[in-house]
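Below you'll find the structure, written out as structure tokens, and then a few comments.
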Amino acid sequence: LKPFLLKTLLPLAVCWPALPCTMAAAKPKVSFKITLASEKGQPFKVITVPEEAPFLACLKFAAEEFKVSAATSAVITNEGVGINPNQTAGQVFLKHGADLKLIPRDRVGGAVADCWRSPH
């Protein structure tokens with residue numbers, strides 16, 4: 001009977017309100033399916049991060065995984081809406097969902113940039 005009580009009551013004693021809890025609470029996480037939009041095969045990576053993780057870190061990690069420059073990449077939704085990376089992963093997940101696209105900026109808008117160049 002005593003071993004049973006120890007197994008049952010010990011976790012309660014460890015997290016008793018008067019004592020500091022030694023068991024770490026699991027942090028909520030979010031997952032993103034990030035597709036590399038610049039490739040014909042549309043490869044993707046699924047990443048899972050804590051909700052409070054900076055989304056900029058998610059962008060950098062995804063860019064490294066796809067071997068593209070994070071400094072010249074953007075993340076957009078499937079509808080084409082750009083995502084500000086200066087927010088948490090949880091905020092991005094709630095606003096835009098889990099399916100996102102990574103676009104290396106050097107492959108986007110090149111024709112527009114050429115229009116603004118002076119002919120001289």
Side-chain angles (χ1 to χ4, degrees):
L1 186 64
K2 285 185 182 179
F4 171 75
L5 285 176
L6 280 175
K7 287 181 185 175
T8 307
L9 297 178
L10 187 58
L12 296 175
V14 171
C15 284
W16 191 257
L19 301 172
C21 185
T22 59
M23 295 185 339
K27 293 184 178 181
K29 297 185 179 211
V30 292
S31 293
F32 296 105
K33 177 185 173 189
I34 301 178
T35 304
L36 183 60
S38 61
E39 296 292 323
K40 289 182 183 178
Q42 300 275 308
F44 68 90
K45 303 278 184 188
V46 176
I47 62 171
T48 301
V49 296
E51 281 183 356
E52 67 268 359
F55 189 71
L56 183 58
C58 300
L59 182 146
K60 288 179 180 180
F61 178 78
E64 286 177 15
E65 289 291 304
F66 288 120
K67 296 179 177 45
V68 298
S69 171
T72 59
S73 295
V75 177
I76 63 170
T77 65
N78 286 335
E79 294 78 28
V81 176
I83 296 174
N84 179 356
N86 297 322
Q87 52 190 327
T88 67
Q91 290 169 324
V92 170
F93 182 82
L94 288 175
K95 290 178 189 173
H96 304 288
D99 291 333
L100 305 174
K101 292 183 179 184
L102 179 71
I103 299 182
R105 290 185 187 167
D106 61 345
R107 299 185 188 185
V108 176
V112 173
D114 288 339
C115 292
W116 293 104
R117 289 192 184 135
S118 172
H120 301 284

Which pair of non-hydrogen atoms, one from Val68 and one from Leu102, has the smallest distance, and what is that distance?
CG2-CD2, 3.9 Å
So Val92 and Phe32, do their side chains get closer than 4.5 Å, heavy atoms only?
yes
Joint hydrophobic cluster, Phe44 plus Leu100, side-chain heavy atoms closer than 4.5 Å
no
What pairs of donor and acceptor atoms, side-chain ones from residues 46-60 against any protein atom, are under 3.5 angstrom apart with sequence neighbours left out?
{"from": "Thr48", "atom 1": "OG1", "to": "Ser31", "atom 2": "OG", "distance (Å)": "2.7"}

Give me the atom names and distance for the closest heavy-atom approach of Ser69 to Ala63.
C-CB, 4.2 Å
What is the distance from atom CD1 of Ile103 to atom OG1 of Thr35, rounded to the nearest 0.5 Å?
10.5 Å
Which residues satisfy the side-chain hydrogen bond (donor to acceptor under 3.5 Å, both in side chains) test with Thr88, sequence neighbours excluded?
Gln91
Around atom CZ of Phe66, are there more than 12 heavy atoms of other residues, nucleotides or ligands at under 6.0 Å?
yes
From CD1 (Ile34) to NZ (Lys45), nearest 0.5 Å:
11.0 Å
Which donor-acceptor pairs under 3.5 Å do side chains of residues 78-87 form with protein atoms, sequence neighbours excluded?
{"from": "Glu79", "atom 1": "OE1", "to": "Thr77", "atom 2": "OG1", "distance (Å)": "3.3"}
{"from": "Asn84", "atom 1": "OD1", "to": "Asn86", "atom 2": "N", "distance (Å)": "2.9"}
{"from": "Gln87", "atom 1": "OE1", "to": "Lys95", "atom 2": "NZ", "distance (Å)": "2.9"}
{"from": "Gln87", "atom 1": "NE2", "to": "Asn84", "atom 2": "O", "distance (Å)": "2.8"}

